[in-house]
Amino acid sequence: MKNKLIYILLTLASVIAYGQVNLSMEADKNEYGGKDIVNLTIVLELNGTDLEQQTKFQLPDLSKFNIIGSGSFTNTFIDPATNTQIIQKISRIALEPKKKGKIKIGSVLVTVNNKIYKTEPFDVSIKDIADKRSLAGNTSNEVYLNMEIEDREVYQDQPTVAVLKVYSRSIDNLRKVKNIRLPQQDNINVHPINFNKSEIDPSGYGNMASQVLAMFMVFPNEAGYVEVPSVSASVSTYSSKNKIVSNKVKLNVKKLPEGAPDYFKNAVGNFKVNVYNASKEKAEAKKPLNIVIKVSGEGNLPDMELPKIEPSPDYEIFTPKITSRVSPGTTGMKGEILASYVVIPKKTGTISIRTEKFAFFDPENKEYVDLGQKTLALDALSHEQVMEARSTVEKVNEYTNNLLETVNTPVLTTTSFKVKEKSKFHWSILLINIGILLGLFAVYLLFKTWQKKRTLVRETVPSKSLGSVAETEKEIRELLKTDMNDYFSYLENLKDNGEFEKFFVTLEELDHEVRKEYSKATPAEFKAFLESYKGASVAEDYAKLQQKIQIEKYAPVKSGEGIEELLKAIVNLYSQISK
C-alpha cells in the first residue's frame with residue numbers, strides 16, 4: 001500500500017511538472033516621476049511539449065498612458081535538471097503616463113490549451129517633478145539602451161554575439177551617447193567586435209529612432225543560467241552628463257559533453273598547435289634560445305589556457321612572453337597566440353623539447369579533438385663545435401671586426417701630387433674657361449631679373465586676411481603637427497637592423513612629440529584627453545600599447561616577430577591619433 005501511494009504521488013508530481021504554465025507581469029519600479037517611462041515586462045513560460053498558446057497577450061486598459069514602444073522575443077531551451085522543454089515568451093511595453101497619482105494596471109490574459117491564465121493587477125505611483133528641467137537636462141530620460149542577443153543557448157566557453165542599440169524620440173539625442181562601458185563579470189569574458197555606429201533608423205522601435213552603437217562577443221565560462229549584466233553609457237550635453245544603462249540578458253549555457261580527455265582544459269573552437277625555434281643562432285649549451293609555441297585558430301582564443309613546455313632536466317625554462325594577434329571572426333576570436341619561452345640547454349647533444357598534451361572541443365561537430373603532444377628536437381652544440389661549424393666568410397668577418405675593435409690602426413699618409421709644368425700653352429683651354437665664365441654671368445643676370453619681377457608681383461597681391469581664431473589655431477596645429485611617416489620609416493629601419501635599444505629610444509621620442517603637440521605632459525593626461533577627443537576605444541588602445549611597449553622593452557630576449565607586431569600596433573594607433 002505504501003509503495004502504491006509513493007507511485008501515485010510521483011506520477012502526480014511528474015504530470016504537474018510536465019504541463020506547467022507561468023504567466024507574470026511586472027514594472028521596473030513602483031514610483032515614477034512625471035516624465036519617467038513606465039517599462040512593463042510580460043513573461044509566459046510553458047514547461048512541456050503538450051502546451052499550446054492559443055491567443056496573443058490580451059492587454060489591460062492602458063488609456064491613462066501613451067504607448068511609445070513595444071517589443072517581444074521567444075526563447076526555447078531544455079532544463080538540464082528535469083530534461084523538460086521550456087518555451088519562454090517575453091514582451092516589453094514602454095508607457096508614458098498622462099497624469100499623476102496612483103494608477104492601477106490590470107491583468108494580462110492568455111489562453112493555453114483552452115484554459116485562461118491571467119496576471120495579478122498592481123498599482124504604480126506617478127509623482128510630479130519638483131524642478132522643471134530643460135530638454136538638455138532631461139536627455140537621459142528620453143534615451144534608452146537595449147542589448148540584443150539572438151543566440152541565447154550556447155555551450156560553455158562558446159561565444160554569442162550581442163548588439164547594443166540606442167533608442168530615442170529625438171534623433172539629435174542619439175549623437176550625444178558616448179563612453180560605452182561593456183559588461184564585466186567573473187562568469188563571462190567580453191571582447192568587442194566594433195564600436196562603429198550604424199545609420200540612424202527613424203522608425204526603429206515604435207515611434208522612436210534607433211541606432212546600433214556597438215557589437216561584442218560574450219563567452220560564458222560556466223554552465224547553467226548566466227545573466228549578462230547591463231551595458232552603460234553616458235549622455236553628454238553642454239550642461240550635464242547623465243548615465244544610462246541597458247537591459248540584462250539571461251543565457252542558457254549548456255555543459256560540455258562527457259568524454260573529454262583528462263588534459264582538456266577550456267579550449268572551445270577549432271585550433272592548431274605548432275612549436276619552433278625562433279632564434280637565428282645555432283643551439284648552444286648554456287646559451288639562451290627563443291622557443292615559441294603558436295596556437296592558431298578560431299574560438300575562445302584570448303581566454304583559453306595555452307599548452308606549456310614540460311619541464312626537463314635537459315633544459316631550463318623561464319616564464320613566457322605572450323603575444324596576441326587576434327581579431328573577431330564568425331564563430332569566435334580568430335588569429336594566433338604566441339608564447340615565447342627562453343630555454344637554456346644544460347647539456348650538449350640531442351634535446352627534445354615537449355609541450356603539454358592539448359585537446360579542444362569543436363562545437364560545430366560536437367566532439368573533442370585530441371592534438372596530443374608536440375615535440376621539437378634540437379642538437380645542442382658546445383662552444384668549440386659552434387666555432388668550428390662556422391663558414392669561412394663568418395670567420396673572416398669576425399676576425400676583421402675583432403681587429404678593428406682591438407687594434408689601433410695608424411693613420412695612412414697620403415702622397416701629394418704636383419702638376420708638372422708644360423712648355424706648350426693651350427689656347428683652347430683658355431677659351432673654354434672664358435666661355436664658362438660668360439655663361440655663369442648670363443645666368444646671374446637672368447636670376448636677378450626674375451627676382452625683381454617676383455618682388456613686384458608680391459607687392460601687388462592684396463594682403464591675406466587673418467581669418468577667424470579657429471582657422472588660425474588650425475593652421476598653427478598643422479605647422480606643429482608631428483611628421484609620423486618619418487618616425488615610422490626610421491623605426492622600420494631600426495627594426496630591420498636589429499637596433500632594438502635605439503628603437504625604443506626613438507619610440508619614446510615619438511610619443512613625447514605627439515603628447516607635446518596636444519600640450520599633454522604625461523601618458524595618463526594624454527589618455528584622458530584621447531577619451532574625450534577620440535573616444536574610449538582609442539584611449540584604451542593607447543593604454544594597452546604603452547603596457548605592451550614596456551613588456552617588449554624589458555623582455556630578456558627580443559624577437560623580430562614581437563618587434564614587428566609592436567611596430568604594426570604603433571603605426572595603426574598613432575595614425576588614428578594624427579587624423
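Predicted, not measured: the structure shown is a model, and the values here were computed from it.
The environment of K254 atom NZ is dense: over 12 non-hydrogen atoms of other residues, nucleotides or ligands sit within 6.0 angstrom. Counting heavy-atom neighbours within 6.0 Å of E367 CD, excluding the residue itself, gives a total above 12. The number of heavy-atom neighbours closer than 6.0 Å to NZ of K250, taken from other residues, nucleotides and ligands shown, is 12 or below. In K357, the NZ atom is not crowded: 12 or fewer heavy atoms of neighbouring residues, nucleotides or ligands sit closer than 6.0 Å. For K265, the NZ atom counts as densely surrounded, since its 6.0 Å shell holds more than 12 non-hydrogen atoms of other residues, nucleotides or ligands.
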Item to complete: Could you please spell out the steps behind the side-chain contact (heavy atoms from CB on, under 4.5 Å) verdict for L491 and F503?
Response: CA-CA 6 Å; L491 289 171; F503 177 90; 3.8 Å; yes
Worksheet item: Would F358 and K374 count as a side-chain contact (heavy atoms from CB on, under 4.5 Å) if you check the C-alpha gap in whole Å, the side-chain angles of each, and the deciding distance to 0.1 Å?
Response: CA-CA 9 Å; F358 179 75; K374 301 296 179 181; over 6 Å; no
Worksheet item: What do the steps show when you test E316 against F318 for side-chain contact (heavy atoms from CB on, under 4.5 Å), and what is the final call?
Response: CA-CA 7 Å; E316 186 178 2; F318 293 88; 3.7 Å; yes
Discussion item. If you apply the rule side-chain contact (heavy atoms from CB on, under 4.5 Å), what do you find for L378 with L289, and how did you get there?
Written reply: CA-CA 11 Å; L378 296 176; L289 297 173; 3.7 Å; yes
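The shortest side-chain heavy-atom distance between E356 and Y263 does not fall under the 4.5 Å cut-off. When side chains are defined from C-beta on, N300 does not count as touching N189, because their heavy atoms never get closer than 4.5 Å. Proximity of L145 to L213: side-chain heavy atoms (C-beta onward) are separated by under 4.5 Å at one or more points. Inter-residue side-chain proximity for V163 and V212 is flagged as met; some heavy-atom pair is nearer than 4.5 Å. Between I149 and V228, the closest side-chain pair of non-hydrogen atoms falls below 4.5 Å. Side-chain atoms of F526 and V514, non-hydrogen and from C-beta on, do get closer than 4.5 Å to each other. A heavy-atom distance below 4.5 Å is found between the side chains of N194 and M215. Looking at V154 and P363, their side chains never come closer than 4.5 Å, going by heavy atoms from C-beta outward.
Side chain of N179 to backbone of K243: no donor-acceptor contact under 3.5 angstrom is found. Remark: the backbone N or O of D314 is paired with a side-chain donor or acceptor of S312 at under 3.5 angstrom. Judged purely by atom type and a 3.5 angstrom limit, S279 uses its side chain to pair as donor or acceptor with the backbone of N290. In terms of modelled atom types and a separation under 3.5 Å, the side chain of N242 and the main chain of V235 share no donor-acceptor contact. Side chain of S230 to backbone of S246: a donor-acceptor contact under 3.5 angstrom is found. In this structure, N270 contributes its side chain and E298 its backbone to no donor-acceptor pair below 3.5 Å. Side-chain atoms of Q156 never come within 3.5 Å of backbone atoms of K255 as a donor-acceptor pair (strictly under, hydrogens ignored). Q373 places a side-chain N or O within donor-acceptor distance of the main-chain N or O of T355, the cut-off being under 3.5 Å. Looking only at distances, a side-chain donor or acceptor of Y368 sits under 3.5 Å from a matching main-chain atom of P257. Judged by distance alone, the side chain of S234 and the main-chain N or O of K178 form a donor-acceptor pair under 3.5 Å.
The CD atom of E310 sits 8.5 Å away from atom OG1 of T375, with the distance rounded to the nearest 0.5 Å. How far CZ of F219 is from CD of Q158: 9.5 Å, rounded to the nearest 0.5 Å. From I570, atom CD1 reaches atom NZ of K548 across 9.0 Å, with rounding to the nearest 0.5 Å. Taking NZ of K294 as the reference point, atom CZ of F271 lies at 14.5 Å (rounded to 0.5 Å). For the atom pair CG (D151) and CG (N252), the distance works out to 10.5 Å, reported to the nearest 0.5 Å. Atom CG of L164 is separated from atom CD1 of I180 by 5.5 Å, given to the nearest 0.5 angstrom.
P183 and V231 make their closest contact through CD-CG2, 3.6 Å (heavy atoms, listed as atom of the first residue, atom of the second, distance). When all heavy atoms of N277 and L376 are compared, the closest pair comes out as N-CD2, 3.8 Å. When all heavy atoms are compared, the tightest approach of G329 to M217 is O-CE, 3.3 Å. Annotation for A359 and D370: closest pair CB-CA, 4.0 Å, computed over non-hydrogen atoms. Here the closest heavy-atom approach between residue H191 and residue D303 is recorded as NE2-OD2, 2.9 Å. In this structure, P192 and P328 approach most closely via the heavy-atom pair O-CG, 3.9 Å.
No hydrogens or angles considered: a donor-acceptor pair under 3.5 Å links the side chains of D362 and N365.
Of the residues L301, I293, I322, the one that meets the side-chain contact (heavy atoms from CB on, under 4.5 Å) test with L306 is I322.
For residues 535-545, no pair satisfies salt bridge (Lys or Arg N to Asp or Glu O under 4.0 Å), with sequence neighbours left out. The side chain to side chain donor-acceptor pair (under 3.5 Å) pairs that include a residue from residues 494-511 are Y487-E509, Y490-K502, E492-K495, E508-K553, D511-R515, D511-Y542, D511-Y574, where partners are two or more places apart or lie in different chains.
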Sequence neighbours excluded and cut-off under 3.5 Å, please list the side-chain donor-acceptor pairs for residues 341-354, or say none.
none

